[in-house]
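As structure tokens, the structure follows; a few thoughts come after it.
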Amino acid sequence: MPASLPLFEFPHPVETREELAPGAWVLRGFALDVAEALSGEIERITGVSPFRHLVTPGGRTMSVAMTNCGEVGWFSDRRGYRYTRIDPDTGARWPAMPPSFLRLARNAAHAAGFEAYSPDVCLINRYEIGTRLTLHQDHDERDRRAPIVSVSLGLPATFLFGGLARKDLQRRMPLVHGDVVVWGGPSRMRYHGVLPVKTGEHPLTGARRLNLTFRVAR
Ligand code: MD6
Ligand code: FE
């Protein structure tokens with residue numbers, strides 16, 4: 001083999017798969033080639049159903065700003081966490097899930113061993129600098145076998161990946177622009193969170209991190 005063979009001839013890191021736990025995978029760079037298209041769709045969706053800071057049942061305002069697209073959307077206020085067909089802030093249906101979102105979610109689920117994935121909601125999270133998501137389980141969905149597909153865009157973040165009990169030790173996992181996490185089967189109910197996003201500037205998203213979380217809610 002010639003010694004001069006270029007080692008880094010690709011503009012993006014080569015995609016890799018890592019199994020974090022049974023049923024939980026990180027697909028590095030899986031969304032890189034569609035990142036710009038996703039970002040354009042997020043602009044369009046938030047033009048209809050804007051980002052907002054939801055209030056928890058306990059009365060705290062969440063620092064992460066959220067909106068949704070799909071058949072239903074995840075919502076929270078003093079009355080509780082739930083999925084709704086109507087965006088309570090606009091009185092209209094949540095924007096439809098763009099085909100590019102569905103395609104990416106399906107391909108990622110397939111790459112992690114989950115066939116025929118058919119999410120009915122995509123929760124869109126916006127993290128400004130310093131914003132975090134405290135440790136939680138995703139337990140408002142009816143189908144607890146279907147995986148969650150989570151796409152990271154923009155600024156990097158540290159993901160906390162715990163166990164099935166809140167007190168279980170957490171692993172810290174860096175997630176960067178284009179990474180996709182697929183999380184299902186025996187890992188579906190693991191506790192997880194996001195540490196405060198550090199100061200930075202990303203060419204596509206500016207001073208923020210965006211996250212798409214696909215789920216089968218009903
Ligand atoms: C985020 N993600 O990464 C928030 N939940 O911004 C989540 O809450 C999440 O990434 C379940 C499975 C994967 C996730
Ligand atoms: Fe979650």
Side-chain angles (χ1 to χ4, degrees), residues 17-28 30-31 35 38-39 42 46 51 53-54 56 62-70 73-76 81-83 101 104-105 108-109 111-114 117 119-164 166 168 170-198 200 202 205 207-217:
R17 276 195 296 187
E18 184 192 349
E19 192 170 24
L20 295 170
W25 291 82
V26 191
L27 312 174
R28 297 281 176 203
F30 197 89
L38 298 179
S39 154
I42 295 169
T46 56
F51 281 118
H53 294 274
L54 297 172
T56 67
M62 297 182 71
S63 67
V64 180
M66 299 180 176
T67 187
N68 297 270
C69 64
W74 189 81
F75 193 77
S76 174
Y81 301 115
R82 61 197 179 274
Y83 284 96
F101 278 34
L104 171 66
F114 298 96
Y117 186 53
D120 53 8
V121 54
C122 175
L123 172 65
I124 308 172
N125 294 318
R126 185 189 68 195
Y127 296 74
E128 307 287 356
I129 307 298
T131 302
R132 66 195 288 251
L133 193 61
T134 54
L135 207 65
H136 68 280
Q137 281 176 307
D138 290 11
H139 54 38
D140 300 320
E141 300 74 29
R142 204 167 295 169
D143 184 344
R144 297 204 178 161
R145 292 158 306 154
I148 291 170
V149 171
S150 172
V151 180
S152 293
L153 296 172
L155 289 181
T158 301
F159 195 64
L160 292 177
F161 177 72
L164 296 174
R166 184 179 284 278
D168 289 348
Q170 297 139 32
R171 173 171 166 180
R172 290 177 176 216
M173 183 175 46
L175 291 179
V176 303
H177 179 69
D179 287 351
V180 177
V181 179
V182 182
W183 185 296
S187 284
R188 177 62 178 75
M189 298 309 292
R190 280 178 184 268
Y191 276 88
H192 57 280
V194 179
L195 290 183
V197 169
K198 291 190 180 139
H202 189 277
T205 66
R208 58 186 64 86
R209 170 179 185 257
L210 298 174
N211 165 264
L212 304 178
T213 301
F214 295 90
R215 301 157 178 184
V216 178

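Counting starts at 1 for both ligands and their atoms, in listed order. For clarity, every value in this text was computed on a predicted model and none was experimentally measured.
The minimum heavy-atom distance linking Ala105 with Tyr117 is given by the pair O-CD2, 3.7 Å.
Residue Arg215 places no N or O, backbone or side chain, under 3.5 Å from any N or O of ligand 1. For ligand 1, none of its N or O atoms has an N or O atom of Trp183 under 3.5 Å away.
Angle NE2(His136) to the Fe ion (ligand 2) to NE2(His192), rounded to 10°: 80°.
Side-chain contact of Ser152 with Arg209: a donor-acceptor pair under 3.5 Å is present, judged by distance alone.
Looking at His202, its side chain never comes within 3.5 Å of a backbone N or O of Leu155 through a donor-acceptor pair.
Taking the side chain as every heavy atom from C-beta outward, Leu123 and Met66 approach each other to under 4.5 Å.
When each atom of ligand 1 is checked for a heavy atom of Arg209 under 4.0 Å away, the hits are 1 (C), 3 (O), 6 (O). Under a 4.0 Å criterion applied to the non-hydrogen atoms of His136, ligand 1 contributes the atoms 8 (O). Atoms of ligand 1 found under 4.0 Å from any heavy atom of Ser150 (numbered from 1 in listed order, with element): 3 (O), 10 (O), 13 (C), 14 (C). Listed by atom number, the atoms of ligand 1 under 4.0 Å from Leu133 heavy atoms are 4 (C), 8 (O). Within ligand 1, counting atoms from 1 as listed, the ones closer than 4.0 Å to a heavy atom of His192 are 5 (N), 7 (C), 8 (O), 9 (C), 11 (C). Close approach of ligand 1 to Tyr127 is summarised as follows: ligand atoms under 4.0 Å from at least one heavy atom of the residue are 1 (C), 4 (C), 6 (O). Each of the atoms 5 (N), 11 (C) of ligand 1 lies under 4.0 Å from some heavy atom of Asp138.
In summary, Glu19 and Arg17 do not engage in a salt bridge, as defined by a charged side-chain N under 4.0 Å from a carboxylate O. Taking 4.0 Å as the cut-off between side-chain N and carboxylate O, Asp140 and Arg82 do not count as a salt-bridged pair.
The closest approach between any non-hydrogen atom of Val194 and ligand 1 is below 4.0 Å.
If you take CE on Met189 and CD1 on Ile148, they are separated by 8.0 Å, rounding to the nearest 0.5 Å.
The Fe ion (ligand 2) lies closest to atom OD1 when only the N/O/S atoms of Asp138 are considered.
Residues Trp25 and Phe30 keep their aromatic ring centres 6.0 Å or farther apart.
Within the 4.0 Å heavy-atom criterion, neither part of Val64 lies near ligand 1.
A cation-pi contact, defined as under 6.0 Å to the ring centre and within 45° of the axis, is absent between Arg208 and Tyr127.
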